[in-house]
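One structure is given below, encoded as structure tokens.
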Amino acid sequence: MESDRRVGDLVRELVCHLQNNPSSPHPNPNSDHVNYAIRILSSRMTPFILPDEAAIANSIKSRLAKQAKLSDALSFADIYSRFASKTGPGSVTNKRSLLYLLKVISEDRNSNPNLQSHRTFSPSVISDGCYSSPRLKNGGVLTISRAPISLRNTAFRDFATLVKGENDVSEEDLVTDVLSVCQGIEGRYVKFDEYVISDSMKLSKATKIMIQKLCELGLLFRKVNRYICDNMVQDVGIVAKAFCIGLQDEVLEYHKLLAVLQSESVNPKGNLSLRRLAVWFVEPTVKMRQMGALVDSCKDLKGGAMAGAIHLQAQHGDPLFHDFMKRLLLKVCCPLFEIVRGWVMEGDLQDLYSEFFVLEQSVKPECLWREGYQISYLMLPSFISKSLANRILRTGKSINFLKVCCEDHSWADLATEATSISPTRGGLGYGETNALESLVTEAEYRIDKHLMHTIFSRYKFKDHCLAIKRFILLGQGDFVQYLMEIVGPVLSEPAKTISLLHLSGLLEKAIRSSSAQYDDRDILDRLKVKMMPHGIKDRGWDVFSLDYDTRVPLNTVFTESVMGSYLRIFSFLWKIRRVEHAVLGVWKAMKPNLTSSHFFTKLPKAVRLKIVLTSRKCQVLWDEMNNFITSLQAYIMFEVLEVTWSKFCNEMEAAKDLDYLIAAHDKYLVTIVEKSLLGENSETLYKSLLMLFDVILRFTSVADRLCEFKTRNTESKTKEAKTSKSKGSETDPWLNEGRKAVTQRASEFLGVMGQDLDSVSKEYSSVLKGFISQLPMQQHVDLKFLMFRIDFTEFYSLAT
Amino acid sequence: MDQDSARTASESLELVFQMSNILDTGLDRHTLSVLIALCDLGLNPEALAAVVKEFRRNPPVTSSTSVN
């Protein structure tokens, strides 16, 4: 009864509340209604089977979820769990039926939309920590104050559902799309044109931007992939191929990562979102970006230029990046270093696509050293310095030189020796410039030593140089003297009457009569006479020349132009010799001897005086000229030729390789040319010198005439003495004629002589003055010595 | 009732109220408390739900239909 009463009261109260609208509080319950209610209640007093409490809760939850009220479902679940945990006095014991009740009521209400009230907003925050959930229709941010961890989780879940609600496409689909794009395949939603999702899909702007960023990786990947595919097929050179292989390795790593990510994305438990993907993609994007930049910069390059460009890009501080570039560069430079090794060790240039910085041209053996191989600075990678490249070039060149010109094959042993000492194949790579340098140094040292040894001992370089000096540069005095004596009269003829054969015979004779006959036959064989092309008026003196024949391999040093310079010097020296010889001839003639003095005493006094005067003039002039010629000759012989020769000998001893030797020899020649007034700076001086020589030669002819005059009568005198016994007294008209006639003729003759001598002397002194005045203006310091020799008393300078 | 049970009771009521809010039943606290009591007493929830439905469906006609 008690409970019945209670029930009755409660029912009354229920009815009372139910029939109330919120406006009118607390009227009395209508008894009719109460009765009605009781009737309903009693009609169904029979209990029936209710499902389990948890089942009811779950069904409520799923119903809520189906209605797309996910947040409601979650919060319901939360509240229910808390509710269910409340046990003990004061709690609801029959939770099951309560839940059922609520469920039914809410179902009923939902099916009747009229009765659905506007949801009331109750933002009350109760002190023991419940949260409020504002329900704004457009989705928004949940406000949480002092929320524990679980609240935060639920907040995140709410946000996720919010975001999902906005997008037509689910996150997983987008992730798979992005992953396939990054492998180069078109995704379902993302197309290749612009890597954006078409606007027909409803997506939040944030998502679109995120997708665009992630697809940059796909773009870069496609670029790199295209480059690799293009280049693997064509013939673009080994360095490019190596570069592609390096890129391929990196792309393989990238594919591995993408495979892992893809397996993550299809795994339902793995939660791979676009954001997570963004984090995963950071490192590959950096690498791919760099590879893209490399691909762009190397598009048109090949060989060493490509390696150099990649090396420049590798100068970076970030250690990760540095390692990546180093791996790539190791692969790229591997073929280059192989070529270097082959070149340096064996002189073999296996360069089908001309990627190496040593260019080969096929030339004749004598030009092999100078023109056969060159460095192409275009193909020189930036991590090999120019000096190192020069050394590499020289080493390979030396091997080839030995092979071709010297026909020497023993260098192969040296190569194997060098490989045994220098680091092994593995150590030679990018970054190991030390290893490369040491390899090159070793090889270079051995090869150069061998080459020098061959040149000096087998080909007797030094001996040939000395021979050239002795013969072409007129170092062998006795030979030159004799040659001059026998060849001199022949050369005075006009050029076209002289035969080469005749001159060659004379040359042989000269050699045999000098100490040069004991020389090596090989050397003497190379010495020949050369007749230069001549015009009508040339005399033998103008066309005569000696030549020295050099053969391979020595004609790398003694090239055509070098021999040309030698011949120029020879002709100059020969001219000086000729003048000297003429002057000496005059001296010989001027020697006072018994016969001339005999004649002298016979002549009348006036004539004698005149003769004395003219002779004196002649002698004075001769003396000047002789002094000049001797000083010039001495200067040339000692200060020019000997000094430069000794310097060159020193350098020859010190020469370590052929380039050095060639340079030293060229320097030797150039110095000689400059110092002996044959250079370009001294052209005017040279011309005045030649004029001087002409003057001197004229003098010699005049002096010859005078001396002939002095001595001619003696001959006739002796003849007379001989024939005086015979009756035919053929006397010289000079003596037989009367005194007067003699005087007259003599004075005439001597007057002419005197005039000639005067003119010669004047010309001589003027030209000499000009010559001497020009000397100080010369650049070369040694010409001052010449001036000193000629003019040490400053006689000429004072006279100006 | 002591303090604890009172607190428990009020908390439970609060939770139920929130649940009913989620489910959009439109019941206020007082009605809910009555319903809870009735349920606890063992009344059939189906019947209670029917009562609620009836009284909601048609705003009760008082005088015209007097049922005996």
Side-chain angles (χ1 to χ4, degrees), chain A residues 3 6-7 10-11 13-15 17-19 22 30 32-33 35-37 39-48 50 60 64 69 72 75-76 79-80 82-83 86 88-94 97-106 108-110 112 115-117 119-120 122 126 128 130, chain B:
Chain A
S3 55
R6 270 196 51 212
V7 170
L10 282 171
V11 170
E13 214 174 317
L14 179 65
V15 169
H17 276 286
L18 278 177
Q19 67 188 72
N30 199 338
D32 285 338
H33 294 156
N35 289 340
Y36 180 49
R39 229 184 62 200
I40 295 176
L41 284 171
S42 53
S43 68
R44 298 200 198 163
M45 277 308 199
T46 52
F48 61 96
L50 285 176
I60 296 178
L64 282 174
K69 294 184 195 161
D72 290 346
S75 41
F76 179 83
I79 298 167
Y80 168 70
R82 295 221 308 271
F83 177 63
K86 290 215 184 288
S91 64
V92 178
T93 41
N94 204 349
S97 47
L98 181 63
L99 280 174
Y100 186 71
L101 175 68
L102 288 175
K103 179 173 164 207
V104 171
I105 295 177
S106 83
D108 181 49
R109 267 185 80 97
N110 279 340
N112 273 340
L115 296 175
Q116 273 204 358
S117 64
R119 288 251 183 128
T120 50
S122 50
I126 304 192
D128 43 344
C130 298
Chain B
M1 290 204 270
D2 52 333
Q3 199 72 335
D4 276 333
S5 44
R7 202 174 58 237
T8 318
S10 67
E11 280 170 6
S12 308
L13 178 62
E14 194 54 44
L15 289 171
V16 173
F17 177 63
Q18 281 176 6
M19 280 200 286
S20 81
N21 270 345
I22 290 172
L23 290 172
D24 195 20
T25 53
L27 301 167
D28 59 346
R29 278 202 178 88
H30 210 89
T31 325
L32 264 180
S33 65
V34 172
L35 283 170
I36 290 174
L38 285 171
C39 279
D40 271 347
L41 287 172
L43 246 56
N44 192 350
E46 188 84 32
L48 281 171
V51 167
V52 173
K53 256 195 294 199
E54 278 300 313
F55 275 92
R56 277 207 184 149
R57 186 156 42 88
N58 28 3
V61 180
T62 52
S63 51
S64 54
T65 54
S66 62
V67 180
N68 270 5

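To find a chain, count down the sequence lines: A is the first, B the second, and so on, and within it residues start at 1.
Residues Ala49(B) and Val104(A) approach most closely at CB-CG1, 3.7 Å, considering heavy atoms. The two residues Ser97(A) and Cys39(B) have their closest heavy-atom pair at OG-CB, 3.9 Å.
Atom-to-atom distance recorded for Ile79(A):CD1 and Asn21(B):CG is 8.5 Å, nearest 0.5 angstrom. The distance from atom CE of Met19(B) to atom CZ of Arg82(A), rounded to the nearest 0.5 Å, is 10.0 Å. To the nearest 0.5 Å, atom CG of residue Leu102(A) and atom CG of residue Leu35(B) are 8.0 Å apart.
With a threshold of 4.5 angstrom between heavy atoms, Leu64(A) approaches chain B through side-chain atoms but not through N, CA, C or O.
For Ser106(A), the side-chain contact (heavy atoms from CB on, under 4.5 Å) partners are Arg63(A), Leu23(B), Thr25(B), not counting sequence neighbours.
Note: Leu38(B) leads Leu32(B), Thr31(B), Asp28(B), Leu38(B) in heavy-atom pairs under 4.5 Å with chain A.
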